[in-house]
Amino acid sequence: TIIIIMLLKKGTRGQLTIFIIIAILIIAVVVLFFVLSDKFEKEKPVSPEAVPIKNFVQGCFENLLEEGVDYISLQGGYYDVPNPNIIFYGYNLPYYFYEGKQFFPSQKILERQTSKYFLDNLDKCSNFSEFEAQGYQISFNGEPDLEEVELDQEFFIKLKYPLIVSKGNTVSRIIFFDIFVPTDLMANYLIIEQIVKEQNNSLDYQPIGVIANLAYENNFTFDIIPMDNNTFVYTFFFDKENLEKERFFFAIKQGDKEQ
């Protein structure tokens, strides 16, 4: 109150200052309202009628993300493999070394490429015919949108996937899905990174000794397969009990290191 009285004594300039303060307060209140509204919307529990739909989509998303992790591992960390690349048993493998240049993907590339695979295959999780036969009506209420992506000891995606689920007189909204998939992708990537650093010292040989030591320490198997034109395909199998899981492939082309 004392501050306002002092401002009024300053005349027009003081009145203008008051209006600015009031405008700022109004904007702050409006922003706070929408932030809190969004928070409450996120925390609103799903109705019992919509739980089967939520669980179905959640499980499908988890399987899809796991599938994406496996797929990009088979293609050296890529979904859309850049040039140069080589076909190997139906997969496109990137060259980590080609004509003396290095093309090793960053962790962010792994995250983006896995996320792109995930988004491009969301339709696999939109077949609700089984539930529609039980009287459900399910519709989309907006476009899917990635809110957060993080790769560490697990792969995490927060996805906005707005659905409206109706059954009888009950209408429910499902908006967000938190998808967690345990994976050793990051740990495997760090091992591959060590091999790439060693390979970078010379492109005239394969660092079999270094790879063998890492294989012994980390309990994986590997193979180096010669191809045409001084190209070698490196294959790594990080799960000895299931060779169809946790594979990582890439190629190199031997040659002089770029000066």
Side-chain angles (χ1 to χ4, degrees), residues 65-118 149-155 181-259:
L65 182 53
E66 183 176 354
E67 182 182 294
V69 169
D70 290 341
Y71 188 85
I72 68 111
S73 297
L74 286 169
Q75 298 198 148
Y78 290 95
Y79 171 47
D80 295 325
V81 182
N83 290 319
N85 59 67
I86 183 174
I87 304 296
F88 181 74
Y89 286 98
Y91 293 97
N92 290 328
L93 303 190
Y95 281 94
Y96 282 0
F97 293 94
Y98 190 86
E99 295 183 349
K101 298 179 181 178
Q102 185 182 137
F103 301 93
F104 184 59
S106 65
Q107 178 183 343
K108 288 299 181 183
I109 288 177
L110 265 65
E111 292 176 348
R112 288 197 297 266
Q113 290 291 303
T114 307
S115 301
K116 190 173 189 302
Y117 178 97
F118 180 80
V149 178
E150 184 178 356
L151 171 61
D152 197 355
Q153 294 182 356
E154 59 188 4
F155 207 116
V181 171
T183 177
D184 289 327
L185 175 59
M186 191 61 207
N188 299 341
Y189 170 82
L190 293 175
I191 292 172
I192 299 297
E193 185 179 43
Q194 294 182 62
I195 295 168
V196 168
K197 288 179 179 178
E198 183 64 28
Q199 183 72 73
N200 191 50
N201 292 330
S202 176
L203 298 181
D204 294 328
Y205 70 93
Q206 297 81 46
I208 296 176
V210 172
I211 299 175
N213 286 334
L214 288 170
Y216 176 78
E217 294 171 358
N218 297 278
N219 196 32
F220 67 82
T221 60
F222 70 96
D223 198 3
I224 299 176
I225 305 166
M227 310 292 283
D228 295 333
N229 301 319
N230 293 324
T231 291
F232 292 83
V233 169
Y234 286 44
T235 62
F236 298 85
F237 302 86
F238 290 98
D239 187 342
K240 289 184 177 180
E241 296 182 358
N242 185 355
L243 296 182
E244 296 298 315
K245 291 289 186 181
E246 294 193 33
R247 299 168 289 176
F248 203 101
F249 300 167
F250 63 89
I252 71 161
K253 184 173 183 178
Q254 286 188 328
D256 293 335
K257 186 175 179 181
E258 187 180 45
Q259 300 299 319

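- When each of Ile191, Asn218, Asp184, Thr221 is checked for a side chain to side chain contact (heavy atoms under 4.5 Å, CB included) with Phe238, only Ile191 meets the rule.
- In this structure, Phe248 and Phe250 have perpendicular ring planes: the angle between them is above 60°, well past the 30° mark.
- Side-chain N or O atoms of Gln113 include none that pairs as donor or acceptor with a backbone N or O of Gly77 at under 3.5 Å.
- Rounding to the nearest 0.5 angstrom, the gap separating the CZ atom in Arg247 from the CG atom in Asp70 is 7.0 Å.
- At a threshold of 4.5 Å between non-hydrogen side-chain atoms, the residues Phe249 and Phe88 count as touching.
- A donor-acceptor pair is defined here as one N or O able to donate and one able to accept, closer than 3.5 Å; such a pair exists between the side chain of Gln107 and the backbone of Leu151.
- Judged purely by atom type and a 3.5 angstrom limit, Tyr189 uses its side chain to pair as donor or acceptor with the backbone of Pro105.
- Note that NZ of Lys116 and OG1 of Thr114 are 12.0 Å apart. Values are rounded to the nearest 0.5 Å.
- From Asp152, atom CG reaches atom OG1 of Thr183 across 11.0 Å, with rounding to the nearest 0.5 Å.
- When all heavy atoms are compared, the tightest approach of Tyr117 to Gly68 is CD2-CA, 3.3 Å.
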Exercise for the section: Apply the test side chain to side chain contact (heavy atoms under 4.5 Å, CB included) to residues Asn85 and Tyr78: give CA-CA distance (whole Å), side-chain angles for both, the deciding distance (0.1 Å), then the verdict. Expected result: CA-CA 11 Å; Asn85 59 67; Tyr78 290 95; over 6 Å; no
Practice task
Please step through side chain to side chain contact (heavy atoms under 4.5 Å, CB included) for the pair Tyr89 and Leu74, ending with a clear verdict.
Solution key: CA-CA 10 Å; Tyr89 286 98; Leu74 286 169; over 6 Å; no
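- Residues Val81 and Tyr91 are not in side-chain contact: their nearest non-hydrogen atoms beyond the backbone lie 4.5 Å or more apart.
- The nearest pair of heavy atoms linking Phe220 to Phe237 is CB-O, 3.3 Å.
- At distances below 3.5 Å, not a single donor-acceptor pair connects side-chain atoms of Gln254 with backbone N or O atoms of Asn230.
- Checking side-chain atoms of Asn213 against main-chain N and O of Val210 turns up no donor-acceptor pair under 3.5 Å.
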Exercise for the section: Decide yes or no on side chain to side chain contact (heavy atoms under 4.5 Å, CB included) for Asn200 and Lys197, but give the supporting numbers first. Expected result: CA-CA 5 Å; Asn200 191 50; Lys197 288 179 179 178; 5.6 Å; no
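- The backbone N or O of Asp223 lies less than 3.5 Å from a partner atom in the side chain of Thr235, making a donor-acceptor pair.
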Handout entry: Residue pair Asn92, Ile87: steps toward the side chain to side chain contact (heavy atoms under 4.5 Å, CB included) verdict
Key = CA-CA 5 Å; Asn92 290 328; Ile87 304 296; 2.4 Å; yes
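- Enclosure of atom OH in Tyr205 by more than 12 non-hydrogen atoms of other residues, nucleotides or ligands within 6.0 angstrom is indicated.
- Remark: Gln153 CD is loosely packed, at most 12 non-hydrogen atoms of other residues, nucleotides or ligands lying under 6.0 Å away.
- Remark: Leu110 CG to Lys108 NZ distance equals 11.5 Å, nearest 0.5 Å.
- Taking CG of Leu214 as the reference point, atom CD of Gln194 lies at 5.0 Å (rounded to 0.5 Å).
- No donor-acceptor distance shorter than 3.5 angstrom exists from the side chain of Gln75 to the backbone of Pro94, with no hydrogens or angles considered.
- Here the CD-CD distance, from Glu111 to Glu150, works out to 7.0 Å after rounding to the nearest 0.5 Å.
- Residues Gly76 and Tyr96 share a closest heavy-atom pair of O-OH, 2.6 Å.
- Counting only N and O atoms by type, the side chains of Gln206 and Tyr234 include no donor and acceptor under 3.5 Å apart.
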